[in-house]
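All values derive from a computational prediction rather than experimental measurement. Chain identifiers are assigned alphabetically (A, B, ...) following the order of the sequence lines, protein sequences preceding nucleic acid strands; residue numbering begins at 1 within each chain.
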Amino acid sequence: MEKKKAKRKINSSTFLLMITIVLFAVMYIAGMIIFEDKGFAKPQMFMNLFISNAGLIVIGCGMTLVMITGGIDISVGSVTALVCMSAAYAMENKGMSAISAVVISLLIGILFGVVQGYLVTYLEIQPFIVTLAGMFFGRGLTAVISTDMIAIKNKTFLAWANYRINLPFGTYNRRGMFIPAYIYPTVIIALGVVILITIMLKFTKFGRNLYAIGGNQQSAVMMGLNVKRTKMKAYVLDGFLAGLGGFLFCLNSCAGFVEQAKGLEMDAIASAVIGGTLLSGGVGTVIGTLFGVLINGTISSLITTQGTLSSWWVRITLSALLCFFIVLQAIIAAVKRKKKKN
Amino acid sequence: SSNGSKDAKKADDSSKSGNITVGFSQVGAESDWRTANSTSMKETFSEENGYTLIFDDAQQKQENQIKAIRNFIQQEVDYIVLAPVTETGWDTVLKEAKDAGIPVIIVDRMVKVSDDSLYTAWVGSNFELEGKKAAAWLKAYLDATGRGNEKINIVDIQGTIGASAQIGRTKGLEAACKENKNWTLLAKETGEFTQAKGQEVMESLLKKHGDDIDVVYCENDNEAFGAIDAITAAGKKVGTGKDDILVMSFDSTKTGLTDVKDGKIILDTECNPLHGPRVEEIIKSLEAGKEPDKKQYVDEEVFAAVKDVAKISADGKDYDVTVVTDDVISKRAY
Amino acid sequence: MAQKTILTMKGITKTFPGVKALSNVDFKLCEGDIHALMGENGAGKSTLIKVLTGIYPFDAGEIIMDGKAMVNKSPQDAQNNGISTVYQEVNLCPNLTVAENLFIGREPKKLGMINWKEMNSRSKVLLESLDIDVAPTTLLDECSIAIQQMIAIARAVDMECKVLILDEPTSSLDEEEVEKLFALMKKLKAKGVGIIFVTHFLEQVYEVCDKITVLRNGELVGEYDVENLPRVQLVAKMMGKDFDDLADIKSERSGEVKEGDPVIEAVGVSHHGSIKPFDITFNKGEVVGLTGLLGSGRSELVRAIYGADKADTGEVKVFGKKVKINAPLDAMKAGMAYLPEDRKKDGILADLSVRENIIIALQAKRGMFKPMKRKEMEDAATNFINLLQIKTASMETPIKSLSGGNQQKVILGRWLLTNPRFLILDEPTRGIDIGTKTEIQKLVLRLADEGKSIAFISSEVEEMLRTCSRMAVLRDGKKVGEIKGDDLTQEKIMETIAGGDKNNE
Amino acid sequence: MSNEKKSFNWKAITQHRLFLPIVCLLVVLLVNVIKTPNFFAVSIKNGVLYGYLVDVVNRASELVIVAIGMTLVTAASGGQDISVGAVMAVAAAVCCQILSGGQVSTNELMNSMALAIIAAIIVAAICGAFNGFLVANLGIQPMVATLILFTAGRGIAQLITKGQITYVRVGSFKVMGGYIGKCPVPTPIFFAIAAIIIVNLVLKKTALGLYIESVGINGSASRLVGLNSTMIKFLTYVICGILSGIAGIVASSRIYSADANNIGLNLEMDAILAVALGGNVLSGGKFSIMGSVIGAYTIQALTTTLYAMNVSADQLPVYKAVVVIIIVVIQSPVFRRSVDEWKKKRALKNNKAMEGGH
Ligand SMILES: Nc1ncnc2c1ncn2[C@@H]1O[C@H](COP(=O)(O)OP(=O)(O)OP(=O)(O)O)[C@@H](O)[C@H]1O
Ligand SMILES: Nc1ncnc2c1ncn2[C@@H]1O[C@H](COP(=O)(O)OP(=O)(O)OP(=O)(O)O)[C@@H](O)[C@H]1O
Ligand SMILES: [Mg+2]
Ligand SMILES: [Mg+2]
């Protein structure tokens with residue numbers, strides 16, 4: 001009897017995550033079958049999902065943290081732009097080293113985290129509004145630094161950005177040459193962050209407190225948790241991850257400009273939600289967010305591979321797939337809920 | 001490895017079908033100009049012409065374009081055509097293309113990369129030259145109408161800050177203002193290439209500078225439409241009259257030229273979106289084993305509402321000024 | 001006699017906008033004492049506790065613990081200072097497991113990481129020691145409110161503490177659970193823990209407590225030893241006036257219930273997974289009690305009738321006519337009203353004013369396009385505030401700033417306003433002070449006299465015996481019997497609940 | 001005596017929930033007294049009202065209309081509709097495409113104006129219904145549900161206009177974004193006022209307002225008192241869709257064209273901001289339409305002010321962010337509490353000093 005109950009519990013809390021992973025696998029395999037002749041089945045295609053989204057994965061992790069507390073951070077796109085611009089400006093216009101660019105990036109992230117965290121936690125202003133202001137601020141500040149595009153030519157930086165790590169598998173191109181699949185260091189950093197945060201969420205006091213706060217903030221206070229400090233820490237960590245993610249983003253694009261990473265916050269939020277995180281707080285995992293990112297990436301990859309859609313059909317198809325996905329998820333969850341009740 | 005060779009064979013089969021595969025990464029569909037640009041590409045690289053076009057819309061996001069190029073590489077396309085969202089940030093992914101042995105042709109905006117061999121050729125507009133042409137025309141026109149020494153106040157309604165077109169066109173004007181001592185640039189404010197913003201900015205400028213403004217330099221047609229509305233609403237007139245305001249614009253879309261014909265826009269400098277044929281030329285010469293010119297500017301004209309100026313020169317070259325008639329408008333493709 | 005004082009509160013004063021919740025209250029707790037904190041609804045008991053544990057800052061006064069003055073800035077501070085608390089409203093996290101709710105903030109660790117295995121096994125031991133039948137890995141959200149209450153208690157008692165505060169922990173527990181709790185309290189008392197115990201059940205006070213402190217309207221009435229304060233006097237002190245004893249209310253009943261004048265009949269109604277098909281009839285002018293052990297499905301039964309959970313099978317007849325009940329509104333239109341058991345979750349609209357909370361059901365019944373006039377709303381609100389003696393700063397005060405018991409009265413008022421012919425009361429007297437409780441019981445009987453039929457659920461058998469003329473007994477989601485007339489005795493009920501064969505019809 | 005009365009009223013005023021939003025709006029406006037003295041000058045030029053202030057009120061119209069819808073959605077579902085800008089674009093596209101009869105540019109109406117407007121509003125309502133269905137019936141979180149139309153909307157609009165900007169250069173169409181005959185007041189202002197009045201009337205004359213608040217505060221309790229939570233949430237999304245549609249028509253009439261990419265661009269963020277500046281909670285429950293309206297005017301006043309002060313548009317967000325933060329901090333309960341405490345302390349000190357004086 002007890003065992004049965006325990007099993008039921010595991011199902012309900014990891015269920016959304018499992019749907020997400022299964023749906024991702026189904027979609028990807030379908031893509032591999034349909035677009036096999038267009039190279040969709042190549043391992044590198046899969047690696048590209050990680051390469052192109054390394055920054056987003058890290059930013060998504062930060063987003064997941066604040067969403068678990070019941071908050072949100074829509075400044076991440078602007079922070080990314082600001083990080084890229086500052087790093088580029090520091091290296092190109094001020095002649096600083098690549099290492100100092102890293103430091104600057106992380107500092108910017110942390111600074112945003114601290115200020116936004118303070119406003120949200122101690123002045124109890126709604127997170128959406130605080131980070132909306134953060135979004136305006138970051139974007140504006142980017143323009144203040146420079147309205148020109150700055151290309152990064154710093155040798156060390158470019159060496160980092162182009163350091164290819166070949167994997168022991170690959171494919172043959174049409175001339176019969178073996179091309180190994182490869183990744184960049186950004187991918188390793190991103191996956192490292194996912195693993196660390198997963199451990200943190202599951203096995204540290206801080207991690208569990210985040211869930212408690214998201215579940216019921218009032219209760220968390222009454223149970224004697226230090227809600228304010230925990231929340232503050234979550235925003236600072238989120239800021240740090242936004243800074244780090246921004247830097248990874250920068251490694252992918254090697255440039256700084258005002259319009260960079262516009263709308264990234266929506267990608268991050270969508271990824272987290274598809275991965276099973278609730279905007280209302282208390283529920284979510286970064287593994288889920290990782291799959292959310294991969295799903296978004298796969299959808300756009302499928303559309304690119306298809307390759308005959310006009311601009312507007314791209315948008316419509318993209319959101320139709322997104323819609324299909326979200327609705328399917330909702331329906332499966334609802335059916336599951338009903339079953340559980342019975 | 002048997003699997004690998006099978007793949008290789010299959011790829012061979014598909015390339016034997018004869019079509020040349022071109023992957024085109026477009027910025028988006030943010031303006032009529034862009035749509036015309038996409039259409040030009042699609043018409044040129046059609047199945048009938050012996051091509052397979054893989055079209056990708058990046059929705060104004062550079063990261064999407066990077067993804068698309070990586071995707072093209074995996075699809076083993078023959079050529080990649082890139083209309084970049086930004087000038088910078090292409091080193092890594094273009095290197096990947098180069099390593100895969102796929103030539104990359106850049107259209108529209110230029111890219112800044114550490115190594116020029118990362119792309120094969122570039123086709124596009126010279127935005128700064130466009131700005132210079134416009135300024136040259138204005139100078140010639142003022143001279144021709146006897147206002148050459150008058151104090152001329154100009155406001156610049158800029159494009160989206162950071163866009164290459166904005167940077168080039170603003171530069172062209174600024175250089176001219178420096179040269180002509182009697183020209184004053186009263187204000188620069190972005191209208192974000194849209195009619196609504198252009199109107200809003202113009203309203204505000206009119207309130208601030210009132211009757212002082214002589215020339216409004218709009219960096220595209222949509223902004224010009226907005227500015228004209230704002231000017232008319234404030235009880236002023238656009239046109240050549242004594243207290244009127246001269247409105248200058250860029251792009252020369254069909255609707256823009258209609259306003260030129262009506263005398264609302266005094267000068268419209270063309271920005272040609274029809275890149276398809278030029279790109280095809282480059283691909284043809286590459287297929288033939290030739291090396292094309294690295295930089296190729298598309299031809300662009302200057303359209304005026306008045307006949308006062310027949311010829312202008314900019315960057316040491318002469319350009320004819322076309323006076324807009326119904327005929328000119330009906331020939332416009334976009 | 002030489003008991004050591006562990007906690008002293010002196011001259012505590014606390015004001016909320018519009019209310020003086022506490023004025024100059026003194027309180028003293030000794031080692032190994034169980035100290036009852038008594039008072040009517042809104043007297044300031046919960047507020048005193050919240051001030052002590054740092055949820056609210058206080059305006060004046062001082063708190064001395066172990067001879068040192070201290071101020072708890074937060075419940076965390078209070079915990080660190082050895083004060084462990086179960087608040088009146090269950091305050092746990094619904095999205096966490098039972099084990100986590102028990103241990104959050106003090107998780108067992110290994111190498112700096114939370115040791116889930118140990119946490120779960122320790123939880124299991126703790127739950128078993130209190131006879132709580134739930135697996136540690138269950139999500140709290142899936143537990144019934146009584147289980148949640150027990151978990152909150154388990155959490156509090158498991159913490160090393162010098163002072164244990166229990167604010168109405170027994171309101172949603174049945175007698176068996178209460179016994180378990182008392183045993184536990186006595187054990188802690190023997191260890192020298194000082195316990196502050198808030199309850200509205202006088203018997204419980206006399207069963208376990210040593211001292212009683214009475215509050216009235218935010219002011220201290222006095223501190224007494226239990227032996228020196230007979231019940232009648234205690235009640236008089238709480239209410240500030242003499243109280244005609246609560247005994248035979250039932251004798252006040254005038255009208256005879258006419259059998260066979262059914263208002264609501266349920267035939268074969270069931271809800272999958274929670275309640276098996278049952279038949280039940282509610283006659284005009286009759287109060288029917290529903291009894292059974294905790295989790296026996298009493299709430300589920302009435303919810304199925306009311307359409308709160310749509311019934312899977314069976315039909316409901318009103319005055320012999322079949323009505324389709326798909327949603328609560330259908331039930332309301334058929335003249336039903338339902339006072340839910342979980343006030344916080346299903347009852348109050350926290351941010352809305354008392355006035356709005358009172359009129360909302362009537363408004364919903366009338367429909368969107370027939371909004372009530374302001375005057376009408378105010379009259380209704382004033383009427384029920386007076387009738388039920390709801391203690392509120394004004395009718396525009398948000399309901400969330402009322403004391404628990406007063407919130408309950410507002411919800412009761414909400415349903416009376418709709419003038420139902422069939423009233424479902426699921427634990428209507430939970431958290432209500434003794435005076436008002438009697439008032440409500442009287443009210444229930446009066447309503448029955450007026451010809452309304454009533455379904456009454458309560459964990460207090462005595463209360464049911466006083467009010468009900470017939471009782472249905474449930475066990476494991478099944479109706480196992482009905483008792484009426486002279487059979488209506490405590491023993492008989494217990495027998496049926498336990499599964500005596502005789503009455504299983 | 002009169003003094004006493006005044007101070008009594010004063011307290012009542014400061015307690016009013018719209019007090020701070022109004023003060024913030026006034027402060028933003030008053031900055032101009034120093035910086036741009038002619039800001040408040042309103043004159044009649046060319047037969048119409050002319051001045052910065054007129055611009056503020058005129059330009060804010062779409063934002064006001066959308067913010068009203070956003071308020072209702074926020075109150076009922078505790079989430080925001082981020083597709084409003086895209087829905088505006090769709091409505092504009094439908095309207096212009098019908099008027100132009102499918103051409104890229106037209107100088108005469110190809111179909112009747114009423115048909116175009118009604119069709120546009122119906123399409124907008126359908127968009128709202130789509131969002132409402134996802135949120136209310138399927139229980140999808142609002143921001144995610146509306147993310148779908150947020151991405152698809154402009155694509156749909158482009159599909160309708162075939163990727164081009166459709167121009168309707170006809171006087172009668174320009175009226176909605178311009179002027180009615182000889183009336184000196186810009187028409188969008190009338191639209192905004194009409195929207196405010198109609199929605200307020202609906203909320204006053206029906207119990208919808210109470211229903212929305214109740215559903216937003218506690219869905220399960222609302223259901224038990226007989227409210228149809230699903231229906232009410234759904235309804236707010238439909239209303240929000242319709243209002244977005246109206247705003248879209250006004251915006252497209254201003255530029256007599258359907259610019260799928262730019263109509264209502266980023267308006268969703270400003271609308272949400274307006275809701276918050278009006279003192280509303282973004283997690284649902286109690287709401288004030290007038291608060292959001294004031295919030296919307298505050299945002300536009302801020303933008304116009306910054307323009308008037310010659311702040312370049314790309315740096316404008318920095319100032320906007322700072323002002324927004326200041327406003328929300330002033331309105332935050334924590335800040336107000338600490339101010340109250342500070343006041344109390346000072347009063348206490350003064351009292352003591354006075355006592356000492358005795
Ligand atoms: N957060 C608050 N804001 C405003 N007033 C409050 C608040 N909390 C309590 N009050 C008021 O303080 C008074 C005392 O409330 P309290 O909750 O302490 O009563 P109580 O003795 O615990 O009653 P009950 O037995 O009903 O739980 C009540 O009048 C209540 O309305
Ligand atoms: N939220 C819930 N999730 C899962 N099961 C529940 C939930 N609430 C109740 N149950 C189960 O439903 C059955 C009936 O519970 P119900 O609440 O009707 O009991 P009850 O007799 O009203 O007891 P009480 O009101 O004293 O808790 C029980 O087996 C209980 O475990
Ligand atoms: Mg209490
Ligand atoms: Mg129950």
| query | Relative to chain B, which segment of A:L251 carries a heavy atom at a distance below 4.5 Å: side chain, backbone, both, or neither? | reply | backbone
| task | Measure distances from B:V93 to the heavy atoms of chain A and classify the residue's part below 4.5 Å as side chain, backbone, both or neither. | result | neither
| query | Looking at side-chain heavy atoms only, is the closest gap between A:W312 and B:D57 below 4.5 Å? | reply | no
| said: Are there over 12 heavy-atom neighbours, none belonging to A:W313, within less than 6.0 Å of that residue's CH2? | reply: no
| Contact origin within B:Q60 toward chain A - heavy atom pairs under 4.5 Å | side chain
| task | For atom CZ of A:F178, decide whether the heavy atoms of other residues, nucleotides or ligands shown that lie under 6.0 angstrom number more than 12. | result | yes
| For B:N64, is it the side chain, the backbone, both or neither that has a heavy atom under 4.5 Å from a heavy atom of chain A? | neither
| field | Leading residue by heavy atom contact count with chain B [cutoff under 4.5 Å; candidates A:V314, A:L318, A:T304] | value | A:T304
| said: Looking at B:K295, I'd like to know if its NZ atom is crowded, meaning that more than 12 non-hydrogen atoms belonging to other residues, nucleotides or ligands lie closer than 6.0 Å. | reply: no
| field | B:Q62 and its side chain to side chain contact (heavy atoms under 4.5 Å, CB included) partner, picked from A:E259, A:Q260, A:K262 | value | A:Q260
| message | So which atom in A:S311 and which in B:A29 form the shortest heavy-atom distance, rounded to 0.1 Å? | response | CB-CB, 3.5 Å
| query | Are any of the side-chain heavy atoms of B:F55 and A:T308 separated by less than 4.5 Å? | reply | no
| said: Out of B:K61, B:K112, B:E63, B:R70, return the one with the most heavy atom pairs under 4.5 angstrom to chain A. | reply: B:R70
| said: Using heavy-atom distances under 4.5 Å, tell me whether A:L56 contacts chain B through its side chain, its backbone, both, or neither. | reply: neither
| message | Let's test your reading of the structure: which of B:Q166, B:Q59, B:Q75, B:E87 forms the most heavy-atom pairs below 4.5 Å with chain A? | response | B:Q75
| Part of A:Y182 within contact of chain B (heavy atom distance under 4.5 Å) | side chain
| Which atoms of A:F249 approach chain B - backbone, side chain, both or neither, heavy atom under 4.5 Å | side chain
| Hey, are the side chains of B:D99 and A:R164 touching, using non-hydrogen atoms and a 4.5 Å cut-off? | yes
| query | For B:N71 and A:T305, does a side-chain donor sit closer than 3.5 Å to a side-chain acceptor? | reply | yes
| query | Taking side chain as C-beta onward, heavy atoms only, is B:I167 less than 4.5 Å from A:D148? | reply | yes
| remark: dist A:N162:CG -> B:K95:NZ (nearest 0.5 Å) comes out at 6.5 Å
| Is a salt bridge present between B:D115 and A:K153, judged by a nitrogen-to-oxygen distance below 4.0 Å? | no
| chain B interface, residue from A:C254, A:G170, A:S52 that has the most non-hydrogen pairs under 4.5 Å | A:S52
| query | With chain B, which of A:I51, A:I179, A:L264 has the greatest number of heavy-atom pairs at distances under 4.5 Å? | reply | A:I51
| query | A:S146 versus chain B, heavy atoms under 4.5 Å apart: side chain, backbone, both or neither? | reply | neither
| request: Would you mind telling me which of A:V258, A:L158, A:N252, A:I152 has the largest number of heavy-atom pairs within less than 4.5 Å of chain B? | output: A:N252
| task | For A:K42 and B:Q74, indicate whether the former's side chain and the latter's backbone hold a donor-acceptor pair under 3.5 Å. | result | yes
| At a heavy-atom separation under 4.5 Å, does B:F72 approach chain A through its side chain, its backbone, both, or neither? | side chain
| For B:T92 and A:Y184, what are the C-alpha separation, side-chain angles and deciding distance, and is it a side chain to side chain contact (heavy atoms under 4.5 Å, CB included)? | CA-CA 10 Å; B:T92 311; A:Y184 291 103; 3.4 Å; yes
| message | Can you tell me which portion of B:T52 sits under 4.5 Å from chain A's heavy atoms? Options are side chain, backbone, both or neither. | response | neither
